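Structure record follows, encoded as C-alpha cells.
Not measured: the values here are computed from a predicted model. Ligands are counted one by one from 1 in listed order, and the atoms in each one are counted from 1 as well.
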Amino acid sequence: MSSPAVNQTESALVRTRFAPSPTGFLHIGGARTALFAWAFARHFRGRFVLRIEDTDLERSTAEATQAIVDGMAWLKLEADEGPFFQTKRMDRYREVIAQMLAQGNAYYCWASPEELDAMRELQRTQGLKPRYDGRWRPEKAAGSVPPAAVLPVVRFRNPDEGYVVWQDMVKGTISIANSELDDLIIARSDGTPTYNFCVVVDDLDMQISHVIRGDDHVNNTPRQINILRALGGREPLYGHLPMIHGSDGQKLSKRHGAVSVIEFDRQGFIPDAVVNYLARLGWSHGDDELFTREDLIAWFDGSALSHSPSQLDYDKLRWVNQHYLKKADDAYLLGELRRRLDWRSVAAAWFSDRAACALIALVRDRINTLEELADWACSMLIDPDLDDPAIAEGVASALKAEALPAVKACLDHIKNMSQIPDEALGWTAADISLEIKNLISTYGIKMPQLAIPMRWWCFGRGQTPAVDAMLSILPHSLIAKRLEFGLAKHDGTLK
Ligand code: GLU
C-alpha cells in the first residue's frame, strides 16, 4: 500500500522521534505518540529516536526521565538512537544562535519586560493583537543605543510576508500567515536557548524526516518551520495527533482510571494488549480491533489517522486484554502471577508452580486482567474472612433449614476424610467429583446446596470454576480447616 506520507523511494530515510519533556510519568497520550512514531519508523525500516527535552530545569526530573524510559521499555518501544538529552546539547544551540546572529536571521533585543508590557497594553487599548513590534530589528533600531541596564534576548527574525503552509499527515493543509507570528525569542537574556528553537536544531541535527506529535504543538509548527528554513534545513513532514479524552469526552485525568503506562502494568494489563489498544486510538485498519505488533508495523504507513479526538474506553481495553490473556503462555502468566503475589506479600509453600498453573488453567478464560489472576490466587492462599457479610449471606441463602442437617453432615464428612493426601493436587478433581456425587445422592440433597457453601468457605466467593477442580488444588488440611471454621461460624450465627 502506498502512503501519502512517504514516497517509497525515500523510505530508507524515514527517521522519527519521540521527544517527551521529563516532567512526570509517561502518560497514555505520550505513549500513543511514541507508538505511532515507532510503528511508522518500523514500517518504513527507518530509525526511531528518543530525545529527552529537559531544558526546563525546574520541571524536569531524573525520576521522570526514568519513568519514560521504563514505560517505553515496558511497551517494548525500543529506540534505535538515544536517549539524547537537550541539556547536553547547549554548546550546539549556542553555536547555532551565533550563526543566526551572524547571518542576520536573529538579532539582539534590549526591550525590558516592563517596556514590553507597556507595548502590549498600548496595543490592547488600540484594539490590536498584542505582539512584539520589531522595535529592535536592525533596520528599525539603527542608531539606537542599547540600554546598559538590560541584558538582551536574541530574537528570530520572522518573515513579514506570506504564509507558512504545510501538508499535515493528520490534519491536511494548514496555512498560517506570517503576519500572525512574532519574532520569537530563541535565547533568553541569560543565554539559555528556548524550547521551540532547541526542537528545530534537534530535528535538523537528528535528520528527522517525520515529526509525529500531539496537536497541542500545532501552533509551534509554523514558528519551527520558519526557523528551520532560515537554517537552510529540509522540512520534515508533520503529523499532529488529536488528543485522547476520557470516556466522557473530557480531558483525560486520573479520575477516568489509569493514565500512566506504569499504572496500566500495576492494574494488570499486558504490554502487547496496551499497544494493540493504543494503536486504535486515532488510527484504524478497516474494522480490525485485534492485531499483532507485526500487523501494526505492516499496516502503519501514516494513512488512516483520525482527525478527531479519541476516547479512552477502559471496557474495551479490558476486552483486548482478555484476548491477550487467552493467548499468553503459561510461563508468562506464572511469572506475572508470582510478581503480583510478591507485591501483595502473599505466599504459601504449598502453592507450587504446578498448583499455580492448575489455577491459571481454570481461570484464564474468565479474567480480564493479571490482577484478577492474582485475586484468584489470593482466594486460594488466604483464608476467607468469615465476618464478611457477603459470605454469611451467600451461605445462608444456600443452606436452607430443611436441608441443613444433611449438608452439614456432608461437609463434615469431607472435612474428616482421612484418605485424602495432604498436598495440593493429591486428590484429583475426578476423586472429589465422585465423592460429592455419592454424598448428595446418599443424603438426598442438591449439588448447589453443597457446592455453594463450600465455595464461600474455601474460597470466599459464591462463583468459581468447577468446585471439584478448585478443591483439587488446595491441600486437604486447608479444605478441612476452612470447612471447620465455616461450619462453626454458621452454627455460631444460628445461635
Ligand atoms: N517535548 C514536547 C512534549 O513533551 C514534545 C515536542 C515535540 O514533539 O516536538 O510535549
Side-chain angles (χ1 to χ4, degrees), residues 5 14-41 46-72 75 77 79 81-90 93 164 166 168-171 174 176 184 186 192-228 231 233-244 251-252 259-261 278 282 302 305 309:
V14 166
R15 291 175 61 84
T16 63
R17 78 330 188 255
F18 176 49
S21 304
T23 54
F25 47 74
L26 176 59
H27 64 83
I28 209 69
R32 193 266 313 251
T33 303
L35 173 63
F36 283 15
W38 172 88
F40 189 77
R47 310 277 288 169
F48 173 57
V49 176
L50 174 60
R51 179 168 86 220
I52 304 291
E53 302 203 320
D54 57 349
T55 48
D56 183 343
L57 297 178
E58 271 172 26
R59 295 179 61 224
S60 302
T61 65
E63 293 74 35
T65 298
Q66 194 57 49
I68 290 164
V69 169
D70 290 348
M72 289 181 67
L75 291 167
L77 301 181
E81 295 171 31
F84 298 112
F85 292 84
Q86 289 189 321
T87 44
K88 301 236 167 73
R89 289 177 43 80
M90 289 298 161
Y93 303 136
V164 184
W166 77 94
D168 198 273
M169 289 163 66
V170 182
K171 295 176 184 284
I174 301 186
I176 308 286
L184 195 79
I186 58 173
T192 55
T194 56
Y195 167 74
N196 273 300
F197 173 73
C198 297
V199 170
V200 173
V201 177
D202 289 349
D203 284 342
L204 211 56
D205 285 356
M206 295 170 194
Q207 297 175 303
I208 300 303
S209 63
H210 293 76
V211 171
I212 297 172
R213 61 184 173 196
D215 67 2
D216 46 336
H217 289 282
V218 168
N219 289 339
N220 291 329
T221 303
R223 304 168 203 283
Q224 293 180 6
I225 289 177
N226 277 336
I227 299 175
L228 216 126
L231 292 174
R234 183 163 165 238
E235 281 160 48
L237 278 172
Y238 293 89
H240 290 95
L241 306 169
M243 298 281 103
I244 300 174
K251 190 175 181 304
L252 197 59
V259 286
S260 89
V261 165
L278 279 183
L305 291 165

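Counted by atom type alone, Gln224 and Asn196 present one or more donor-acceptor pairs between their side chains at under 3.5 Å.
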Could you pull out every N or O of ligand 1 that sits under 3.5 Å from a protein N or O, with the distance for each pair?
{"residue": "ligand 1", "atom": "1 (N)", "partner": "Ala19", "partner atom": "O", "Å": "2.7"}
{"residue": "ligand 1", "atom": "1 (N)", "partner": "Ser21", "partner atom": "OG", "Å": "2.8"}
{"residue": "ligand 1", "atom": "1 (N)", "partner": "Glu53", "partner atom": "OE1", "Å": "2.6"}
{"residue": "ligand 1", "atom": "4 (O)", "partner": "Ser21", "partner atom": "N", "Å": "3.1"}
{"residue": "ligand 1", "atom": "4 (O)", "partner": "Ser21", "partner atom": "OG", "Å": "3.3"}
{"residue": "ligand 1", "atom": "8 (O)", "partner": "Arg17", "partner atom": "NH1", "Å": "2.7"}
{"residue": "ligand 1", "atom": "9 (O)", "partner": "Arg17", "partner atom": "NH1", "Å": "3.4"}
{"residue": "ligand 1", "atom": "9 (O)", "partner": "Arg17", "partner atom": "NH2", "Å": "2.8"}
{"residue": "ligand 1", "atom": "9 (O)", "partner": "Arg213", "partner atom": "NH1", "Å": "2.7"}
{"residue": "ligand 1", "atom": "10 (O)", "partner": "His217", "partner atom": "NE2", "Å": "2.9"}

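No donor-acceptor distance shorter than 3.5 angstrom exists from the side chain of Asp215 to the backbone of His240, with no hydrogens or angles considered.
Here salt bridge (charged side-chain N to carboxylate O under 4.0 Å, His left out) pairs that include residues 26-35, with residues two or more places apart or in two chains, number zero.
Every residue two or more places apart in sequence or in another chain that forms a salt bridge (charged side-chain N to carboxylate O under 4.0 Å, His left out) with Asp56 is listed here: Arg59. Judged as a salt bridge (charged side-chain N to carboxylate O under 4.0 Å, His left out), and not counting sequence neighbours, Arg223 has no contacts.
Comment: Asp202 does not engage Arg17 in a salt bridge, judged by the lack of any side-chain N to carboxylate O separation of less than 4.0 angstrom.
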